[in-house]
Amino acid sequence: MSSGPTCAVIASKCPDIKVTIVDINQARIDAWNSDKIPIYEPGLEELVFAQRGKNLFFSSDVDAAILESDLIFVSVNTPTKKGGIGKGFAADLAYVEAATRRIALVAQSSKVIIEKSTVPCRTAESMRKILDANHRPGVTFDILSNPEFLAEGTAIKDLFAPDRVLIGHLPSETGVKAMQALSSVYARWVPQERIVTTRLWSSELTKLASNALLAQRISSINALSAICEATGADVDEVSYACGLDSRIGPKFLKASVGFGGSCFQKDILNLVYLSRSLHLPEVADYWEQVVIMNDYQKRRFGEQIVRELFNTITGKKICVYGFAFKKDTGDTRESAAIALIEAFVKENANVQIYDPQVEASQIHYDLTHEADITDAQYEKLITVHKNAYTAAESSDAIVVVTEWDEFKTLDYKKIYGTMKKPACIFDGRLILKPEALREIGFKVTTIGKAATF
Ligand SMILES: NC(=O)c1ccc[n+]([C@@H]2O[C@H](COP(=O)([O-])OP(=O)(O)OC[C@H]3O[C@@H](n4cnc5c(N)ncnc54)[C@H](O)[C@@H]3O)[C@@H](O)[C@H]2O)c1
Ligand SMILES: O=c1ccn([C@@H]2O[C@H](COP(=O)(O)OP(=O)(O)O[C@H]3O[C@H](CO)[C@@H](O)[C@H](O)[C@H]3O)[C@@H](O)[C@H]2O)c(=O)[nH]1
């Protein structure tokens, strides 16, 4: 997902540099070479179409690309381990190791290897050991850490104008030279003061720390949203007023049904595992609480929906608006929608889903593989719709899970007319106007706002 935008931006900013994205997944490469690129990301398609075949190439010939490259980004997946030591917490580094071994085996000239994947602190050391033990005579490798900070949905904007580019390197003469080579690529469009260089281990840890700090803010405001609902305070007002303090700042304080995405949970669990491995149990518990609070928020919202629908949703129709983990992406990894829909299916509700970007096949895959839903339950209880209006027809409730702009401007009067009564709306993203909806006749429940005050 992330290497496409990064490489497209490098290719567009550096027309004299040949950029080749290689992947062992042939279907993915075919999609990158087709008219429909495999990910939805605003601005990406235009960039790819402008550079593809000029200085941007997509190939499954990994060895050929290794042979001809001077700088190699390792940007493979590092998912949470599903079994063995560290199961459920540690990062699975099998793909990083396999890619590193391949480079060592194939390279016939010296290279700079850039760790782009998000990895535990000191992974570069393991990569170095693998390279040192396997390289051909006369071939040397320098390793840099250059974490990726783009957010999906704004990836191109983030890459064109990054808050910072971080390059971690060894203090050796060749380490500094390697850092300068990579730095000179970014310097084509990133101001020098935003290119930050650190030691390798600091760079690796900064990536985990950044995501942990960002997710921590969301869990903090979500924890406060529960207090708001119980007291009559309004979480948007609390967030706004807190954010005006320049020491706190306004960003990443939007309460929600819970954060999703492929990074936050995985990277925090990675940090938790690292802390436990370093015999720092208090530190591990502290960061784990960010994920525990996120799970609580998803569960809490689901339970609130059942409560408001007279304590039973069996046989009721629930319309879910949004399946992606955030707006402006088709990515569904760790989306709060998956956990919520699983909870609805456990109660035998009928679920009508609409998302403007996520394909029905992806929704089917996620619900039958990432959630505890059987194919038979899926067939019986779940329908995916192509528009927001049919999804809401004859439903008892609408649940807003993703903050797509489209959901703000729907004709809710028309929707109300097609729903069962009382018609309920649950806003898990705080994007709707509750007063206007109540005027139409809806029963509105918003995270972080008590309906009765
Ligand atoms: N998705 C993001 O927005 C984002 C942002 C910042 C950092 N990251 C990090 O970047 C890394 C990649 O994330 P992603 O979302 O792009 O993952 P992804 O699963 O979408 O893509 C990884 C790709 O690597 C390929 N691959 C695996 N082993 C390979 C090998 N040996 N040789 C060639 N290709 C191989 C896979 O086939 C897959 O297509 C992760 O460590 C992630 O934490 C991702
Ligand atoms: O105030 C907020 C901000 C975000 N979210 C949710 O948090 C999740 C993550 O959002 P975001 O961080 O914008 O997207 P990601 O693509 O997951 O990006 C994060 O993860 C990437 C992968 O490591 C990093 O590179 C980025 O810097 C980091 O922001 C999504 O579900 C959002 O809806 C909230 O609920 N409230």
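When a ligand or atom number is given, it counts from 1 through the structure's own listing order. In this chain, numbering begins with 1 at the start of the sequence shown.
One option in N77, N25, T6 has a heavy atom closer to atom 19 (O) of ligand 1 than any other, and that option is N77. Atom 11 (C) of ligand 1 has its nearest heavy-atom neighbour, among I103, V76, V62, T78, in V76. Compare S210, G261, P250, G260 by their heavy atoms: the one nearest to atom 8 (C) of ligand 2 is in G260. Comparing heavy-atom distances from atom 1 (N) of ligand 1 across E152, E41, R28, E148 singles out E152 as nearest. Of the listed options I29, L150, D267, L208, L150 places a heavy atom closest to atom 5 (C) of ligand 1. Among K254, E334, K326, the residue whose heavy atom lies closest to atom 14 (O) of ligand 2 is K326. For atom 23 (O) of ligand 2, the nearest non-hydrogen atom from the set I447, D158, D163, N211 belongs to N211.
For atom 20 (O) of ligand 1, the closest non-hydrogen atom on the protein side is M1 N, 2.9 Å. Summary of contacts: the protein heavy atom closest to atom 27 (O) of ligand 2 is F149 O, 2.7 Å. Of the protein's non-hydrogen atoms, L150 O, 3.5 Å is the one closest to atom 21 (C) of ligand 2. Closest to atom 43 (O) of ligand 1 among all protein heavy atoms lies K266 NZ, 2.6 Å. Annotation: atom 34 (N) of ligand 1 to nearest protein heavy atom, I24 N, 3.5 Å. Nearest non-hydrogen protein atom to atom 10 (O) of ligand 1 is S2 OG, 3.5 Å. For atom 7 (C) of ligand 1, the closest heavy atom belonging to the protein is T118 OG1, 3.6 Å. F325 CE1, 3.5 Å is the protein heavy atom nearest to atom 17 (O) of ligand 2. Scanning the protein for heavy atoms near atom 16 (O) of ligand 2, the closest one is E152 N, 2.8 Å.
The existence of a salt bridge linking K449 and D236 is confirmed by a sub-4.0 Å separation between a basic side-chain nitrogen and an acidic carboxylate oxygen.
Below 4.0 Å from some heavy atom of C263 lie the following atoms of ligand 2, by number and element: 20 (O), 21 (C), 22 (C), 23 (O). Here is the list of ligand 2 atoms found below 4.0 Å of a heavy atom in S256: 34 (C), 35 (O). Taking every non-hydrogen atom of S117 and a distance limit under 4.0 Å, the qualifying atoms of ligand 1 come out as 11 (C), 41 (O). When each atom of ligand 1 is checked for a heavy atom of A99 under 4.0 Å away, the hits are 31 (N).
Proximity of R429 to ligand 2, defined as any heavy-atom pair under 4.0 Å, is confined to the side chain (atoms from C-beta onward). Of the heavy atoms in L214, only side-chain atoms (C-beta onward) come closer than 4.0 Å to ligand 2. Heavy atoms of I221 found under 4.0 angstrom from ligand 2: none, in either backbone or side chain. Here K251 has no heavy atoms under 4.0 Å from ligand 2, in either its backbone or its side chain.
For the ligand labelled ligand 2, residue K207 lies inside the 4.0 Å heavy-atom shell.
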How far apart are the C-alpha atoms of I72 and I103, what are their side-chain angles, what is the distance that settles it, and do they pass the side-chain contact (heavy atoms from CB on, under 4.5 Å) test?
-> CA-CA 9 Å; I72 301 178; I103 294 167; 3.8 Å; yes
Could you give me the CA-CA distance, side-chain angles and deciding distance for K81 and F89, then say whether side-chain contact (heavy atoms from CB on, under 4.5 Å) is met?
-> CA-CA 7 Å; K81 276 183 85 172; F89 286 91; over 6 Å; no
Salt bridge (Lys or Arg N to Asp or Glu O under 4.0 Å) between E303 and K346, worked out | CA-CA 12 Å; E303 288 169 359; K346 283 218 159 71; over 6 Å; no
For K157 and D328, run salt bridge (Lys or Arg N to Asp or Glu O under 4.0 Å): C-alpha distance rounded to whole Å, both residues' side-chain angles, the deciding distance at 0.1 Å, then the answer.
-> CA-CA 13 Å; K157 200 172 123 259; D328 293 337; over 6 Å; no
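Counting only distance, with no hydrogens or angles, the side chain of R194 and the backbone of P162 share a donor-acceptor pair below 3.5 Å. The backbone N or O of K266 sits nowhere less than 3.5 Å from a side-chain atom of N270 that would complete a donor-acceptor pair. Within the 3.5 Å criterion, the main-chain N or O of R122 finds a donor-acceptor partner in the side chain of E204.
Applying the side-chain contact (heavy atoms from CB on, under 4.5 Å) criterion to A336, with sequence neighbours excluded, gives V257, K298, V401.
Checking only distances, A255 never comes within under 3.5 Å of ligand 2, N or O to N or O. Residue contacts with ligand 1: R333 is placed with a nitrogen or oxygen under 3.5 Å of a nitrogen or oxygen of the ligand (distance criterion only). Between K116 and ligand 1, no N or O atom pair is found at a separation short of 3.5 Å. At least one N/O-N/O distance between D23 and ligand 1 falls below 3.5 Å. In terms of polar-atom proximity, F264 is not counted as a contact of ligand 2, lacking any N or O under 3.5 Å from an N or O of the ligand. Looking at I218 next to ligand 2, no N or O pair under 3.5 Å apart turns up.
A cation-pi arrangement is absent between R333 and F325, since the terminal nitrogen or guanidinium carbon is not both under 6.0 Å from the aromatic centre and inside a 45° cone about the axis. A cation-pi arrangement is absent between K386 and Y354, since the terminal nitrogen or guanidinium carbon is not both under 6.0 Å from the aromatic centre and inside a 45° cone about the axis.
For Y95, the OH atom counts as loosely surrounded, since its 6.0 Å shell holds 12 or fewer non-hydrogen atoms of other residues, nucleotides or ligands. Environment of CD1 in I85: sparse, with no more than 12 heavy atoms of neighbouring residues, nucleotides or ligands closer than 6.0 Å. Y378 OH: more than 12 foreign heavy atoms inside a 6.0 Å radius.
Here the rule is side-chain contact (heavy atoms from CB on, under 4.5 Å) with S145, and of S117, S203, C121 only S203 fits it. Tested against E403 for a salt bridge (charged side-chain N to carboxylate O under 4.0 Å, His left out), the candidates K326, K408, R429 yield a single pass: R429. V74 pairs with exactly one of M127, R102, K116 by the side-chain contact (heavy atoms from CB on, under 4.5 Å) rule, that one being M127.
Side-chain contact, Q26 with D30: a donor N or O sits under 3.5 Å from an acceptor N or O.
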